[in-house]
*Asks:* 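First the structure, then my questions, so here it is.
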Amino acid sequence: VLGAWGLTEAGAGSDAAGMRTTAVRDGDGWVLNGSKTFITHGSIGGVMVVMAVTDRAKGHRGISAFVVEHGTKGHVGRARRRTSSGCARATRARCSSRTAGPRDAAARRGGQGFINTLQVLDAGRIGIAALSVGLAQGAYEAARATRRSAGSSASRSPPFQAIQWKLADNATRIEAARLLTYRAAFMKDQGRRMTRESAMAKLYASEIAVRRPTTASRSTAATASSRTTRPRSTSATSSSLTIGEGTSEIQRLVIARQLLGA
Ligand SMILES: Cc1cc2nc3c(=O)[nH]c(=O)nc-3n(C[C@H](O)[C@H](O)[C@H](O)COP(=O)(O)OP(=O)(O)OC[C@H]3O[C@@H](n4cnc5c(N)ncnc54)[C@H](O)[C@@H]3O)c2cc1C
């Protein structure tokens with residue numbers, strides 16, 4: 001079963017705790033009311049975890065997580081929204097309103113939804129960091145292959161020294177991003193908290209993934225202007241990596257809070 005995870009709403013992205021979707025008890029079940037947007041696999045997933053406010057007075061401790069199976073009674077609408085990463089992921093808006101009686105974990109662990117959200121984001125950021133390293137690596141490999149095929153004498157001649165610097169800088173940054181990602185993944189595997197490490201890995205890796213295709217394109221010039229070349233085709237996908245699982249600004253906030261103990 002392909003799963004989706006519904007946190008973001010039209011008016012609540014970075015400030016997820018400001019969500020408007022509510023869940024109210026109804027007999028031995030719940031009634032969810034609201035809509036979510038930009039949910040990866042939202043239109044094709046068999047099941048979606050939906051965050052909803054169960055007790056507004058408790059702030060973020062009043063948010064619970066519900067497991068809603070596709071086709072649950074009352075579930076309506078599937079507005080489609082294309083994102084620039086459409087080639088790699090099915091990211092669609094999915095609306096649900098008055099979704100009745102989900103079989104859910106919230107009944108047992110009500111109010112844990114936001115805390116659970118932060119843990120999900122900590123882990124998810126490692127995944128985005130890994131995707132970013134792969135995309136940056138792909139663009140770099142394509143640029144390197146083009147330069148190598150231009151001949152070793154051309155690669156060594158003075159005009160190409162600047163290109164060599166770009167390749168060297170790229171390789172170094174990609175390696176740094178890879179090691180940040182491995183460190184966060186290693187800590188997760190050990191069951192340690194890695195909020196700061198996963199945010200650092202995600203921030204750095206996604207930022208270089210956005211910049212790398214551009215630099216790689218400049219290394220291959222006209223060849224890269226073809227829509228089919230890897231540097232160009234990865235550019236759109238990588239830009240969404242600096243948004244999903246929290247934007248770069250939010251990663252910086254998370255890291256700073258960890259550093260300052262705030
Ligand atoms: C490809 C893709 C897949 C996604 N998949 C999912 C998913 O599966 N599930 C899900 O729930 N959501 C998903 N999202 C949504 C994503 O998590 C949100 O887009 C993201 O959190 C940003 O929210 P927003 O778009 O509402 O932007 P906003 O929160 O409105 O932010 C707008 C701008 O303001 C900046 N900003 C906001 N607050 C601050 C602050 N306090 N300090 C400094 N700057 C700030 C942001 O960095 C950004 O540049 C996905 C998004 C994309 C692009």
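Please read all numbers here as calculations on a predicted model, not as lab measurements. Read the numbers this way: they start at 1 and go in the same order the structure lists the ligands and their atoms.
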*Asks:* Against Arg125, only a single residue in Val120, Val254, Thr181, Leu203 fulfils side chain to side chain contact (heavy atoms under 4.5 Å, CB included); can you say which?
*Replies:* Val254
*Asks:* What atoms in ligand 1 come closer than 4.0 Å to a heavy atom of Glu249?
*Replies:* 43 (C), 44 (N), 46 (C), 47 (O), 49 (O)
*Asks:* In ligand 1, which numbered atoms sit nearer than 4.0 Å to a non-hydrogen atom of Leu253?
*Replies:*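 Listed by number with element: 40 (C), 41 (N), 42 (N).
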*Asks:* Considering both backbone and side-chain atoms of Leu7, is one of its nitrogen or oxygen atoms within less than 3.5 Å of a nitrogen or oxygen in ligand 1?
*Replies:* yes
*Asks:* Under the salt bridge (charged side-chain N to carboxylate O under 4.0 Å, His left out) test, which residues partner Lys58, sequence neighbours left out?
*Replies:* Asp55
*Asks:* Are the side chain of Glu245 and the backbone of Ile126 linked by a donor-acceptor contact shorter than 3.5 Å?
*Replies:* no
*Asks:* Of the backbone atoms (N, CA, C, O) and the side-chain heavy atoms from C-beta on, which set of Thr40 has a member under 4.0 Å from an atom of ligand 1: side chain, backbone, both, or neither?
*Replies:* both
*Asks:* Enumerate the atoms of ligand 1 whose separation from the nearest heavy atom of Ile39 is less than 4.0 angstrom.
*Replies:*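 Listed by number with element: 7 (C), 8 (O), 9 (N), 10 (C), 11 (O).
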*Asks:* Output yes when the distance from some N or O of ligand 1 to some N or O of Ser240 is under 3.5 Å, and no in every other case.
*Replies:*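 No, no N or O pair falls under 3.5 Å.
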*Asks:* Please report whether ligand 1 has a polar contact with Trp5, defined as an N or O pair separated by less than 3.5 Å (distance criterion only).
*Replies:*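 Looking only at distances, the answer is yes, because the N/O contact criterion of under 3.5 Å is met.
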*Asks:* Using heavy-atom distances, let me know which of Ala10, Ala16, Gly13 sits nearest atom 24 (P) of ligand 1.
*Replies:* Gly13
*Asks:* When you measure from the side chain of Glu207 to the backbone N and O of Thr242, does any donor-acceptor pair fall under 3.5 Å?
*Replies:*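 Checking the backbone N and O of Thr242 against the side chain of Glu207, no donor-acceptor pair under 3.5 Å is found.
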*Asks:* For Arg20, does the CZ atom have more than 12 heavy-atom neighbours from other residues, nucleotides or ligands under 6.0 Å away?
*Replies:* no
*Asks:* For a quick check under 3.5 Å, do Thr195 and Asp122 share a side-chain donor-acceptor pair by atom type?
*Replies:*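 Looking only at side-chain atoms, Asp122 and Thr195 do form a donor-acceptor pair, the distance falling under 3.5 Å.
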